Structures are given as C-alpha cells and as structure tokens.
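Predicted, not measured: the structure shown is a model, and the values here were computed from it.
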Amino acid sequence: MRGRLALLALVTTAAWVLLLTLLFNVLLSGRLRADADDLLRTRAEAAASTVQVLPGGTLRIAEPADDSALDTDIWIYQGARAVERPNTRRSLQRQADALAGRGSGFATAAGVRWYALPLPGPGGRRAGTVVTAVGLSSYHRTLTSALAGSIVLAVLLLLGVYAVTRAVVGRALRPVAEMTRQAADWSGHDLGRRFGVGRRPAELSSLAARLDELLDRLAVVLRHEQQWSAELSHELRAPLSRIVAEADWLYRRPRPAEGRRAALDVIRSAADEMQQICETLLAEARNRSTRLPGRCHLAEFAADLSARWPSAAPRLRVETGDGELTVGAPPEIVQRTLAPLLDNARRYAATTVVVRFEPGVSIVVSDDGAGISEAARDHVFEPGYRAEPGDGHRGAGLGLALARRLARSAGGDLVLDGHSTFVLRLPPG
C-alpha cells in the first residue's frame, strides 16, 4: 500500500510538473520572440530616423558619427533597390530583397527573424523600406538551456516527492500495521483485549473502534460456536450411549429373537434421533450463514400439515386467518421449528391440537392437555431441560431450545403464551 500511494503521488506530481514545464517553456518561447521583435522594431525605427525623404521621393541618408550599430543587418531600400546594405551573406541579401518588395511586417526564415518598416513618401506613397534581421540561435540556446534545466529540476523534484511520500506514508501506516497485528494476535489468544479509547488521530481512533467491533463479533461467533458444539455433543451423547449399550449387550450376551428385535429398534430409534439432531443444528447453521433466507407460503404448509397428520393421534384442527401468510424463511426451517411443537402437542393433548396461522405472521400451536406447570415455565426453553423426566418419553430436552434457536436465526422468535400455547413469530416474506 505504501508503494502504491507513493506511486500515485509520483504520477500525480509528474503530470502536474509536466504541465507546468510545458507552460513555462511555451511562455518563455513567446517572451523571447517578443523580445526579438522589439529589438527588430527598435533598430528599424532608429535606422528610419536617419533617412530623409526628399520631395521627389529620393532618399537621403544622414550618416551618424558612430553608425556601427545601425550597419548591423540593416537594409535601406528605395523602391526595390538597396541604397544601404550590410556586408553579409548572399542568402540574407536575397531574403531582404524579397521582404522589401513584399511589404511590411515580421517573417522568419532559416533561423533568422526579419522585420520590414515602410518609409512614407510624398502623397502617402511608399518611398522606401527599412529591413532589419536578427539571428535566433542565441534565443534557441536560451530555450534549450531552460528546457534542459526544467527537466532536470522536474526529475529531482519527482525523486524527492517519491522518497518523501513513501517515508511519510510508511510512518503514517506504521500504527495501522501495529494495530492490525495486535488485533490478529488477540483474536487468536485473548479475545477479551480491546484497543479502547486512547490518544490517537481521528482516523486511527475510528480504525480502533472498528477493530474493537470486529473483535466483539469474533468473540460472539466463538461463543456461539462453542455453545453449538456443546449442545450438539450434549444431545448426541444420550442416543449414542443407548446405541453403544444395546450393541454391547447384543455382543456379550445371547438374546432371543424378540429381545434382539427390541434392541435393534432401540438402536434404530437412537440413530434416527441423532440424525434429526444433526439435521436441525446444521439447518440452523446454514440459515444463519446465508443472506437470502428464502420464502414460504403458510397456506400450502397448512394443507400439507393436515394431510400428514397421523390418524391415531389426537384430532388436528387447522385454522387459517385472512391476510398475507407468506413468511421470509425457507420451508425446511419452518418445518423443523414447528416439528417439536407439534410433537409435544400430540404427546400431551387430551383430544385436540389446534394450529392457527395468523397474519402478521404467527403460528399458534395449542392443545387441550394439562399444560406446562408454573415451575417449568421459566426453564422450558433451556437446552437439556425436561419438565417431566419420568413420563416415559426418551426425548433429550433439546426440541424447544432448538426450535427457538431456529426461529431467531430466521429473524423471528418462539414464546410460551399461557400453559399449553406456543406462539411462533416469523418475519413476513
């Protein structure tokens, strides 16, 4: 990250320096050209001040005492004929002749800047022309030197910016790396440690708060997984013990056919119980880790429930209220949450079990049995708790606890209303 930030700063500075360098050289080039034009115009006007136009249009040149400056690359023409010219190269002479016959103004050719100044004669006619020239080589050298200097300065500036940015970013990120290392170490060895509120810059204080939240979540997840593992181990221990005991009994002592069949039934029943426990807990874990909870139409669920209800069980009455009965939970979660409630109602009902689907969305399960005692009401959802251990039922006391866990993992809840009525609330879909 430090290298990327330093590179980003380098690229941004390079673009800005390149723009400034180009702008500086363009402005310098324009300034040097303007200086050359001012020099040509001044020399042409100085030469024109020595020329007198006679009434007949003839030019008379007054020679000053020291005219060496005026004789440098200055031509004076009467019409197209040069009456005053310097001793110079023929190529310059041809260019001066062409410029004198063409008119007035500036021109550039072969590294030389030219200027033609017309001399007015009688009647406003043009009597002659003063032509001046200056070589641009010195100006080009100045431009080249300025460009080379600006490039060297830009390179040094970019190297300095990169080094300083890398050092500053590294220094700024050092506390972040240290905090990250501490958070990783604490998450593996000491989940109780936190950064807390300290004397830090605002950005690092915000980072510390976010890392504390992350550690809190990790601690919650770890406690949840430990609880999940403990519940799974606790609930599997009882049926597994029955399987081991029955298998050991069959192995060590011969038993009649009916005894072996009963032992195998016990083993099969315990295995089915273990499978149900595993599937329920795994379904809860999958539902907790997914972002899309799914949907379920309770009207279809009610019809399926009536069709599957055992004929030998107490009578089932299904009531479906008016309104929206679509919940935001997958059908398997609703089914596994409702299964322990229906099992308990079927087991303890005297004659009738009532399942009422209410808009809102709630599922109310009640029966006409004796109900849960006042002493057991506060413990009915505790894992492993059984209100009547001697009722002949081989349950492990996990059904209602798992049902509430599944309901809450789907965004709902399961509560006891009265002595024999359970209310399952689910999020609308």
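A donor-acceptor distance shorter than 3.5 angstrom exists from the side chain of T42 to the backbone of D38, with no hydrogens or angles considered. Looking at T50, its side chain does come within 3.5 Å of a backbone N or O of A47 through a donor-acceptor pair. Using modelled atom types, no side-chain atom of T421 and backbone atom of S366 make a donor-acceptor pair closer than 3.5 Å. Remark: the backbone N or O of L54 is not paired with any side-chain donor or acceptor of T58 at under 3.5 angstrom. Remark: the backbone N or O of Q52 is not paired with any side-chain donor or acceptor of R60 at under 3.5 angstrom.
We find the CG-CD1 distance between L156 and I151 to be 12.0 Å, quoted to the nearest 0.5 Å. Note that OH of Y162 is 12.5 Å distant from OG1 of T13, once rounded to the nearest 0.5 Å. Atom CG of L136 and atom CZ of R141 lie 11.0 Å apart (nearest 0.5 Å). Atom CD in E84 sits 11.0 Å away from atom CG in L59 (nearest 0.5 Å). If you take CD on Q335 and CG on L305, they are separated by 9.5 Å, rounding to the nearest 0.5 Å. Going from atom CZ of F422 over to atom CG of L414 covers 7.0 Å, rounded to the nearest 0.5 Å.
Side-chain atoms of N25 and S150, non-hydrogen and from C-beta on, do get closer than 4.5 Å to each other. For the pair S29 and L143, the minimum side-chain heavy-atom distance is below 4.5 Å. Using a 4.5 Å cut-off on side-chain heavy atoms (C-beta onward), V365 and L424 make no contact. F357 places a side-chain heavy atom less than 4.5 Å from the side chain of V318. The shortest distance between side-chain heavy atoms of L400 and R404 does not fall below 4.5 Å. With contacts defined as side-chain heavy-atom distances shorter than 4.5 Å, the pair S145/T142 does not qualify. Taking the side chain as every heavy atom from C-beta outward, V130 and I74 approach each other to under 4.5 Å. In this structure, D37 and R113 have side chains that are in contact, with non-hydrogen atoms separated by less than 4.5 Å.
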Next on the checklist: E45 vs L117, test: side-chain contact (heavy atoms from CB on, under 4.5 Å). Steps then yes/no.
Outcome noted: CA-CA 8 Å; E45 291 174 352; L117 176 65; 4.1 Å; yes
Checklist entry - Stepwise, does the side-chain contact (heavy atoms from CB on, under 4.5 Å) test hold for T21 with L153? => result CA-CA 10 Å; T21 302; L153 181 61; over 6 Å; no
Item to check | Test log, rule side-chain contact (heavy atoms from CB on, under 4.5 Å), inputs V112 and V134 | outcome: CA-CA 6 Å; V112 178; V134 63; over 6 Å; no
Checklist entry - Step by step, would you call I76 with R85 a side-chain contact (heavy atoms from CB on, under 4.5 Å)? => result CA-CA 6 Å; I76 300 176; R85 61 183 178 182; over 6 Å; no
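When every heavy atom of A9 is checked against every heavy atom of V161, the shortest pair comes out as O-CG1, 4.4 Å. Heavy-atom minimum distance, F381 versus A401: O-CB, 3.4 Å. Closest approach of W75 to L92, counting heavy atoms only: CZ2-O, 4.2 Å. Considering every non-hydrogen atom in both L99 and V131, the closest pair reads CD2-CG1, 3.9 Å. Across every non-hydrogen atom of L416 and G418, the tightest pair is CG-O, 3.4 Å. V334 and L426 make their closest contact through CG2-CD1, 3.9 Å (heavy atoms, listed as atom of the first residue, atom of the second, distance).
Looking at E319 and R317, a side-chain N of the basic residue comes within less than 4.0 Å of a carboxylate O on the acidic one, giving a salt bridge. A salt bridge does not link D413 with R425: none of the charged nitrogens is closer than 4.0 Å to a carboxylate oxygen.
Counting non-hydrogen atoms of other residues, nucleotides and ligands closer than 6.0 Å to CZ of R41 gives a total above 12.
Annotation: cation-pi geometry satisfied between R346 and W309 (NZ/CZ under 6.0 angstrom from ring centroid, within 45° of ring axis).
No side-chain N or O of D35 forms a donor-acceptor pair with one of Y139 less than 3.5 Å apart.
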